[in-house]
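In what follows, a single structure is set out as structure tokens and then discussed.
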Amino acid sequence: MQRMIRYATIAVIIHAIVVILHGLAHEKIPVPLSALQSLFVVSIIVLAPIAAMILLWASFQQVGSWLLLSSMVGAFLFGVYNHFIAISADHISQIPFTGWGVLFHITAILLLLAEGLGCAVGAWALSSLKQTEQVL
């Protein structure tokens, strides 16, 4: 279980770094978000994975694993929709691949990878917990 918690921590830290860099690109370009989008980003994309990591370290593995998985799935779907599907100011086709746009494009893709990793680690954690319960 400790190994899984370490992997979850690494996934959350990588995700947080990419989120910070992507947020910087959003600010510098600028690419504004609506109030509802901002609320989602802060609560689900930024705070929930960190809370999940804290819960995992505090021996609340079941809740932490579910929170990690659900927040990363939510973040992944939000990013796919806003960066690659819905044509808006947040879609990568609307941001030139120059200046801060380079960081925007790269981090939009890295977010998908980091959130995919977070989903995998969250699912692995839940699977590990389920196997542990079956042994007991």
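Heavy atoms only: backbone and side chains are in, while hydrogens, waters and symmetry mates are out.
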Closest heavy-atom pair, I14 versus A114, reported as atoms and distance to 0.1 Å, is CG2-CB, 4.3 Å
Once rounded to the nearest 0.5 Å, what's the spacing between atom CD1 of I92 and atom CZ of F104? 8.0 Å
With the 4.5 Å side-chain cut-off for hydrophobic clustering, are M53 and L117 part of the same group? yes
Partners passing side chain to side chain donor-acceptor pair (under 3.5 Å) against T9 (at least two apart in sequence or in another chain): W57
Are any side-chain N or O atoms of Q61 and backbone N or O atoms of L56, one a donor and one an acceptor, separated by less than 3.5 Å? yes
Take atom CZ of F40 as the centre, draw a 6.0 Å sphere, and report whether it contains more than 12 heavy atoms from other residues, nucleotides or ligands. yes
Between P49 and I44 the two heavy atoms that sit nearest each other are CD-O, 3.2 Å
CG of L111 to CZ of F78: how many Å apart, nearest 0.5 Å? 10.5 Å
Say whether M4 and V63 are linked into one hydrophobic cluster, either directly or through other cluster members, by side-chain heavy-atom distances under 4.5 angstrom. no
Quick one: closest heavy-atom pair of H15 and A75, and the distance? NE2-CB, 4.4 Å
Under 3.5 Å donor-acceptor, S128 side chain and W124 backbone: yes
What about M1 and V12, same hydrophobic cluster or not, with Ile/Leu/Val/Met/Phe/Trp/Tyr joined at side-chain heavy-atom distances under 4.5 Å? yes
Please answer: with hydrophobic residues joined when any side-chain heavy atoms are less than 4.5 Å apart, are L24 and I13 in the same cluster? yes
Is there a donor-acceptor pair closer than 3.5 Å between any side-chain N or O of S34 and the backbone N or O of Q37? yes
Spacing of S88 atom OG and L33 atom CG [to the nearest 0.5 Å]: 9.0 Å
With sequence neighbours left out, the residues meeting side-chain contact (heavy atoms from CB on, under 4.5 Å) with L112 are F76, V80, F84
Would you say the side chain of L110 lies within less than 4.5 Å of the side chain of I106, judging by non-hydrogen atoms? yes
Taking atom CH2 of W66 as the centre, does the number of heavy atoms from other residues, nucleotides or ligands within less than 6.0 Å exceed 12? no
same_hphob_cluster(V18, V102) at 4.5 Å side-chain heavy-atom cutoff: yes
Considering all heavy atoms of both residues, which atom of L21 and which atom of L103 are nearest to each other, and what is their separation? O-CD2, 3.5 Å
Determine whether the aromatic ring centres of H22 and H83 lie less than 6.0 Å apart. yes
As an exercise, state the distance from NE2 of H105 to CH2 of W100, rounded to the nearest 0.5 Å. 14.5 Å
Could you pull out the closest heavy-atom pair between S65 and L129, with the gap in Å? OG-CD1, 3.6 Å
Please step through side-chain contact (heavy atoms from CB on, under 4.5 Å) for the pair I87 and Q94, ending with a clear verdict. CA-CA 8 Å; I87 303 300; Q94 305 303 304; 3.8 Å; yes
Quick check for you: to the nearest 0.5 Å, what is the distance between I17 atom CD1 and T107 atom OG1? 13.0 Å
Mind checking the CD1-CD1 spacing from I45 to I50? Nearest 0.5 Å is all I need. 12.0 Å
Which heavy atom of V121 sits nearest a heavy atom of L68, and at what distance? CG1-CD2, 4.1 Å
